[in-house]
Structures are given as C-alpha cells and as structure tokens.
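Here is the naming used below: chain letters follow the sequence lines, and residue numbers restart at 1 for every chain.
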Amino acid sequence: MPELPEVETTRRRLLPLLLGRRLREIRHQDPFRYRHTERAAGRRVEGVGRRGKFLLLSLSGGLEAVVHLGMTGSFRLERTPHTRAEFLLEGEVLYFHDPRRFGRILVVEAGRYEEVPLLRRLGPEPLSEAFTFPGFLQGLRSARPLKALLLDQTLVAGMGNIYADEALFRARLSPLRPARSLGEEEARRLFQAIREVLSEAVALGGSTLSDRTYRQPDGLPGRFQERHAVYGRAGLPCPACGTPIAKRVVAGRGTHLCPRCQT
DNA sequence: ATAGGCGCCTGTAAGC
DNA sequence: TGCTTACAGGCGCCTA
C-alpha cells in the first residue's frame, strides 16, 4: 500500500522526469475521480513535492496537481491494462496505473485544499523538523488505541497499515494500548521508532508486497518488505523472541504483532 | 469525541 | 476443475 515511503520514492523517481517539463494534457475518462485536470494543460511542472501520502506537483500559473495513490496507485513508464490516466509530456507519457481505482487526481490553485479536507488536517511530516517530541506527546492525550491514532494522519502524516505495525513492534508497544497510557519513555520509543522505520523504508524504496501492486515508475519493486518484522508474517517467529506473530483486527485493520514483545 | 460498519474497487487466495 | 466467497485496505461517510 503506498504509504509515506512509497510516495516519497515515487516523488524522487518522478522528479527528473517531470521537473521543468511542460504538461500537454492529463488524459482520462473519469472526471469524478480525476477532477479539474483540464486546468493542467500546457502548464510547466515547477516542483514535485509530497505531504503525507499526497504527491504535490507545482504547476506554472499558480496551480497544483494533488495526487493520492490510494491503495494500488502507481506511476509507470509503460501502459498497463490498468492505466487510468495519462500524463502527456512533451515527447513522453507517464501512465497512472491503479487497478482498484482508489487513487485521486485533483488540480487546484496552489495551496487551496478546500476540496481535499484530509490534506488540510494532516499532522507533521515525521521526517522533518516539524515532527517534535513535545508535539507528539501532546497528541498522545487520547484514549484511542495507538494503532488507530497512528493511522489517523493527524498525529503524524503518512503512516499506513504496514508502517504503523512495524513502528509499534520496534517500540515494543501493543497496538491496543490507549495512547494516554504511555509513559514518557514509551512515548519516546514510539517517536523514535516512527522516524527510524520510515527513514529506513525510504532508503530501501518502500515495500512491495506479495501482491506486487506497488512499483516504482521503472517497474522495480521496493526492498523494505524483506525487513518487515511483523507485517504479513502471521504465524512466523518474532525476530526478537521467536514467539509466533499474531494477527488480529484493531481499529478495523488487520494488525500484526508479537504478543510477547509488545505490551 | 469516538467506535463500528459500510461502500468504493478489483485481483488473489481460500474454500467447497 | 470450476465456482463462490472472503479478504486486502485508504479514506469518506453514516450511525450509535
């Protein structure tokens, strides 16, 4: 699932392809999922940014293309059976591939996110200076289970199911723990674990799961899945203690944990 | 305020 | 073998 590391990897791969190039057209047949894309015609790409799981393309004329990959969205250099939109550049085409169609594209005036409420309430970027321990501690004053809070995007931007499970494992905290029950030392562990897991995953190009849906634009898979300690490893031994990894539903999501290490 | 459930989608895996 | 059903999940939305 594209989470922060996959979206960041996508951003880095797209940067040399898009920066300074003119976008002739964003072509598609789905004006409900891909909105106001006609505004992008003829604009030059002036920047390729990211906020949480949103990809933000700065366009000339004070516009911005907001792209969310959803669950199965990715950019490809070649057409696929699940190509849903085409970014026609001068002399090249970038294909937006999205089998399950949860992805969205929206062209807005730069910074005007009225039509993207989630983008407006997004929490701090975990790999930036904006993510501070005092702020994080403040956000933990909730009775909600840690897993729910990590997925919420308000406490911290960009975490999804994989990295929430991996971060909780590294912090040795149960996904079910009410956030406000954490002591300061535990909160510190979680804060660090979030940053470590995400930065390692970015360095390895994200995670490509067994369904192989997530790909970099050149078709290469990520490599962080080889480092997963708990995600997708139900029944396999915990790398720390050997206890079989458990899988249960927390906050409505499949959740993987070591019942012995995580308390 | 928050939890739970559904709907959106489609490919894949499991079950009969 | 071939069919049906369950499941995966990011996010919005509705209800309790």
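For A/His82, a side-chain nitrogen or oxygen approaches OP1 or OP2 of B/dG11 to under 4.0 Å. Side-chain N/O atoms of A/Arg101 include one lying less than 4.0 angstrom from OP1 or OP2 on B/dT10.
Take A/Tyr95 and apply the ring pair (Phe, Tyr, Trp, His ring centres under 6.0 Å) test, not counting sequence neighbours, and it matches no residue. By the side chain to side chain donor-acceptor pair (under 3.5 Å) test, A/Thr37 pairs with A/His28, sequence neighbours left out. Every residue meeting the ring pair (Phe, Tyr, Trp, His ring centres under 6.0 Å) condition with A/Phe131, not counting sequence neighbours, appears here in chain and number order: A/Phe136, A/Phe191. Remark: A/Arg104 engages no residue in a side chain to side chain donor-acceptor pair (under 3.5 Å) (not counting sequence neighbours). Scored by the ring pair (Phe, Tyr, Trp, His ring centres under 6.0 Å) test, A/Phe224 finds A/Tyr163, A/His228 as partners (sequence neighbours excluded).
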Do any N or O atoms of the protein come closer than 3.5 Å to N or O atoms of nucleotides 9-13 of chain C, and which pairs are they?
unit_1	atom_1	unit_2	atom_2	d
C/dG9	OP1	A/Asn161	ND2	2.9
C/dG9	OP1	A/Tyr231	OH	2.7
C/dG9	N2	A/Arg100	NH1	3.3
C/dG10	N7	A/Arg253	NH2	3.2
C/dC11	OP1	A/His68	NE2	2.2
C/dC11	OP2	A/Lys53	NZ	3.1
C/dC11	N4	A/Arg253	NH2	3.1

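Among the protein residues, A/Pro178 comes within range of no part of the nucleic acid, since none of its heavy atoms lies under 4.0 Å from any strand.
A straight line from CZ of A/Phe96 to P of B/dC9 spans 14 Å, rounded to a whole angstrom. Atom C1' of nucleotide B/dG4 and atom CG of A/Leu176 are separated by 15 Å, given to the nearest angstrom. In this structure, the CZ atom of A/Arg248 is 17 Å from the P atom of C/dC7, given to the nearest Å.
Using a cutoff of 4.0 Å between basic side-chain nitrogens and carboxylate oxygens, A/Arg24 and A/Glu92 are not scored as salt-bridged.
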